[in-house]
There are 2 protein chains.
Amino acid sequence: MVNNTNVSCCIDCEHRWENFNNLSDEELKTVCDNRHIAEFKTGEIIFKQGSPLSSAVFLTKGLAKMYIEGYDNKRMMIGIAKKCRLIAGPGTYVDNRHHYSVAALTDVTACFIKMDVLKEFVHTNGKFAEGYLRDVSEKSLQTFYRFLSHTQKKMHGRLAATLLYLADEIHESDKFTILLSRQELGELSGMAKESVVRILKDFNEDNIIKDKCPNIEILNKDKLKMISNMG
Amino acid sequence: MVNNTNVSCCIDCEHRWENFNNLSDEELKTVCDNRHIAEFKTGEIIFKQGSPLSSAVFLTKGLAKMYIEGYDNKRMMIGIAKKCRLIAGPGTYVDNRHHYSVAALTDVTACFIKMDVLKEFVHTNGKFAEGYLRDVSEKSLQTFYRFLSHTQKKMHGRLAATLLYLADEIHESDKFTILLSRQELGELSGMAKESVVRILKDFNEDNIIKDKCPNIEILNKDKLKMISNMG
DNA sequence: TATAATAATTGACATACATCAACAAAATAT
DNA sequence: ATATTTTGTTGATGTATGTCAATTATTATA
């Protein structure tokens, strides 16, 4: 982890949170002044479940996994973090603790902004408060639907949903390098790693995907969507 | 469903949302003026998944179930609604739609408040915005932990957790009338109704609960907690 | 390069859980 | 009170999925 404050201001940052559009240049300057940039290597932990939540985190480069460390040393991955997204979690307004951990999946540049500063803007800037609420609400909705998916779909449907998530939301391409191990794909889809292997093999044999070592290509997206929807 | 506007003002309502403490009497008066009271009989639907979200709902009497209608006509209950709690859901700041349905479990008195009014206060009153964020965040956290519980615990652990939820959060007593059918207990705990029956029988035989028809009494709470924690 | 550690794959097996069917009990309507 | 519908209970059975163990591929390390 290497510090690096040698970066231009938030005012013209192209990776910034959408909600920063609701801040004036003066307010953005304040954000800048309370910012801290850090770099992480693949595998390094950005923050850890249970630790105090003093800063909001934004990635300006790379991807990271967000996961809950649950019972019996089992992990549940809740999603992949990427640029332009607030990573802080619902602890901010509850108990000032992180409720999940975040670890770099690639080399990552992260921008830490003091939470006190953002909270102050929630107080004083109605538009910003509204934007913050929208952000929390969207994530809450996503969690709902992931929950529903896990409860009601069978393994094939859940893994199909995960592949679609990775293609559409994260890599924004039907052909991408899979950064997750089978173990991690399992933690994200709620199944054992062996099940991931078997189902990927099924999808391969049915020409729904082409799974060539670290690369995955979706060949038949309609069918994958159908499997995801039908469970 | 019977209308009844003949109720005293929000200013001295003892069932009101905690976050209303952040409003001035004048602001509360505005809330009052945009309020609508309605009564529901057991089983009646208060609002329905997919319908437009124009009002926040608060119960002033009774209990209701909140549930998502998922795939294949299966329902997933997400919790029980009670007094003093905002019932509106994360659609408010996303797409103005309800993402779950709410139905009365007892006779219910519900108070509808125009969402536009609350949104306006989020804009103009920083404390209120903060309180709203806290509310959404708390619910988001609860969903997380319920999700984790469903993913990592086995049936006995999940049903134990549900019984503790009903005792501690909803009825605030270790002895209560079970308002839910076995079917509904299953929808809340993520299992088939037959499994609910069998596990309740187990708990009975082990003297952990006394399940006498519509009443349930928790006899050995420590053991129930242990089962809930260990999965 | 050789060696060790880690991850992926595969098959055999165990089991938690859902589904189905039959029936009893309770609630509701006639 | 009787009939009808809904809900609860139980046992038998099937299956989705996890666990374990062995084997191979891949990556990291000495």
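Reminder, nothing fancy here: chain letters follow the sequence lines and each chain counts from 1.
- Atom-to-atom, CD of A/Q152 to P of D/dA16 comes out at 17 Å; the value is rounded to the nearest Å.
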Item to complete: Using a 4.0 Å cut-off on protein heavy atoms (strictly under), produce a 5'-to-3' string for nucleotides 20-30 of chain D with B for base contact, S for backbone-only sugar-phosphate contact, and - for none.
Response: B----------
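- Atom CG in A/L185 sits about 9 Å away from atom P in C/dA8, given to the nearest Å.
- With rounding to whole Å, B/H150 atom NE2 is found 18 Å from C/dA16 atom P.
- Between B/L180 atom CG and D/dG8 atom P the separation is 10 Å, expressed in whole Å.
- In terms of modelled atom types and a separation under 3.5 Å, the side chain of B/S51 and the main chain of B/F47 share no donor-acceptor contact.
- Taking atom CD1 of B/I199 as the reference point, atom P of D/dT10 lies 13 Å away to the nearest angstrom.
- One atom, CD of A/E205, and another, C1' of C/dT9, lie 13 Å apart when rounded to the nearest Å.
- When distances are taken from the side chain of B/A192 to each of C/dT9, C/dA18, D/dT10, the shortest belongs to C/dA18.
- Using a 4.0 Å cut-off between a side-chain N of Lys or Arg and a carboxylate O of Asp or Glu, A/K221 and A/D174 qualify as a salt bridge.
- The shortest distance between the side-chain N/O atoms of B/K193 and the OP1/OP2 oxygens of D/dG8 is not below 4.0 Å.
- For an aromatic pair to be called close, the ring centres must be under 6.0 Å apart, and A/F147 with B/H150 satisfies this.
- Taking the nucleotide of DNA chain D with the nearest heavy atom to each of A/M191 and B/K201, the more 5' of the two is matched to B/K201.
- Of the side-chain N and O atoms in A/S195, one or more sit less than 4.0 angstrom from OP1 or OP2 of D/dG18.
- Rounding to whole angstrom units, NZ of residue A/K154 and C1' of C/dA16 are separated by 16 Å.
- A distance-only check finds no donor-acceptor pair linking the side chain of A/S189 to the backbone of A/G186 [under 3.5 Å].
- Rounded to an integer number of Å, the gap from B/L200 CG to D/dT9 P is 8 Å.
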Pair up each side-chain donor or acceptor in residues 222-231 of chain B with any protein partner under 3.5 Å, not counting sequence neighbours, and list the distances.
from, atom 1, to, atom 2, distance (Å)
B/S228, OG, B/K153, NZ, 3.4
B/N229, ND2, B/K225, O, 3.2

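- Between the side chains of A/E187 and A/Q183, at least one donor N or O lies within less than 3.5 Å of an accepting N or O.
- Side-chain proximity of A/M155 to C/dC17, D/dT10, D/dG18: nearest is D/dG18.
- For B/R182, the side-chain atoms get nearest to D/dT9 when compared with the rest of C/dC17, D/dT9, D/dG18.
- For B/S181, counting side-chain heavy atoms from C-beta on, the closest listed nucleotide (D/dT7, D/dT17, D/dT19) is D/dT7.
- Taking the ring centroids of B/F20 and B/F58, they lie under the 6.0 Å cut-off.
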